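Quantities reported herein were computed from a predicted structural model and do not represent experimental measurements. Every heavy atom of this structure was used, including side-chain atoms; hydrogens, water molecules and symmetry mates were not.
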Amino acid sequence: MSHHKPNSIRYLKAQELYNKSWEKLLNKRKDYYNKIASYIVKNSSFIAVQNENIISWKNNKHLSHAIQLNAPRQLLDKIEQKCQQENVEFVKVSKFFPSTQICHKCQKRNETIKGLKNLEIRDWDCPICHTHHDRDRNATINILNKGLEIVGTTVQ
């Protein structure tokens with residue numbers, strides 16, 4: 001469109017073509033999110049997620065483009081909606097819960113991986129029980145345990 005004169009016939013055709021391709025992409029994303037949300041909800045009896053402020057992540061110059069392309073808030077909203085339809089327990093854990101910093105074995109908090117500067121730390125060892133943790137897997141276990149704690153049950 002940048003090579004055409006604004007409001008010319010070729011410009012309008014190019015704009016129409018661009019809008020169609022963008023709409024097609026959005027429809028594919030919506031369909032994919034529906035399928036993923038349905039699969040997740042049908043195969044679980046309990047879902048716990050950390051209630052992150054995803055909109056504020058768009059201000060981060062390193063994350064903003066990827067977040068706008070993936071639209072994680074839409075997926076979470078779709079999962080929550082499907083949980084309500086299927087009567088599946090859906091729990092949101094506070095965004096201030098330090099899920100990546102707590103050792104899921106001994107429940108002690110590791111202050112050395114705190115803050116945005118240390119997002120590149122993907123693996124760490126607990127200084128108390130010396131357990132090796134993958135940051136994302138550890139956060140997943142901690143969010144699940146916190147969600148079960150909120151509901152009032154424990155891990156079997």
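Taking CG of Asn87 as the reference point, atom OG of Ser45 lies at 12.5 Å (rounded to 0.5 Å). Atom CG of Asn142 and atom CD of Gln101 lie 10.0 Å apart (nearest 0.5 Å).
Tyr32 and Tyr39 are not part of a single hydrophobic cluster, where members link through side-chain heavy atoms under 4.5 Å apart. Both Ile143 and Leu148 are part of a single hydrophobic cluster, where members link through side-chain heavy atoms under 4.5 Å apart. Placement of Val88 and Val49 within a single hydrophobic cluster is found when ILVMFWY residues are connected by side-chain heavy-atom separations under 4.5 Å, directly or transitively.
For Phe46, the CZ atom counts as densely surrounded, since its 6.0 Å shell holds more than 12 non-hydrogen atoms of other residues, nucleotides or ligands. The 12-atom threshold is exceeded at CZ of Arg109, counting heavy atoms of other residues, nucleotides or ligands nearer than 6.0 Å.
One finds a salt bridge joining Lys146 and Glu149 here, because a Lys/Arg side-chain nitrogen approaches an Asp/Glu carboxylate oxygen to under 4.0 Å.
Between the side chain of Arg135 and the main chain of Trp124, no donor-acceptor pair closer than 3.5 Å is present. Put simply, the side chain of Ser8 gets close to the backbone of Tyr11: a donor and an acceptor are under 3.5 Å apart.
Taking the side chain to side chain donor-acceptor pair (under 3.5 Å) definition, one finds that Asn51 meets it with nothing, sequence neighbours left out. Judged as a side chain to side chain donor-acceptor pair (under 3.5 Å), and not counting sequence neighbours, the contacts of Ser38 are Lys82.
At a threshold of 4.5 Å between non-hydrogen side-chain atoms, the residues Gln74 and Arg29 count as touching. Here the side chains of Lys30 and Asn34 are in contact, with some heavy-atom distance below 4.5 Å. Between Glu89 and Val151, some side-chain heavy-atom pair lies under the 4.5 Å cut-off. Using a 4.5 Å heavy-atom cutoff, the side chains of Lys108 and Ile102 are not in contact. Taking the side chain as every heavy atom from C-beta outward, Cys103 and His133 approach each other to under 4.5 Å. A heavy-atom distance below 4.5 Å is not found between the side chains of Leu25 and Ser21.
Residues Asp123 and Ile121 approach most closely at O-CG2, 3.4 Å, considering heavy atoms. In terms of heavy atoms, Ile40 sits closest to Ile47 at CG2-CD1, 3.7 Å.
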CA sep, side-chain torsions, deciding dist, call: His130, Asp125, side chain to side chain donor-acceptor pair (under 3.5 Å): CA-CA 6 Å; His130 306 292; Asp125 293 318; over 6 Å; no
Ignoring hydrogens and angles, write down the donor-acceptor pairs under 3.5 Å from the side chains of residues 90-100, residues two or more places apart or on other chains.
residue, atom, partner, partner atom, Å
Lys92, NZ, Glu80, OE1, 3.4
Ser94, OG, Phe96, N, 3.1
Ser99, OG, Gln50, OE1, 2.9

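Between the side chains of His104 and Asn138, at least one donor N or O lies within less than 3.5 Å of an accepting N or O.
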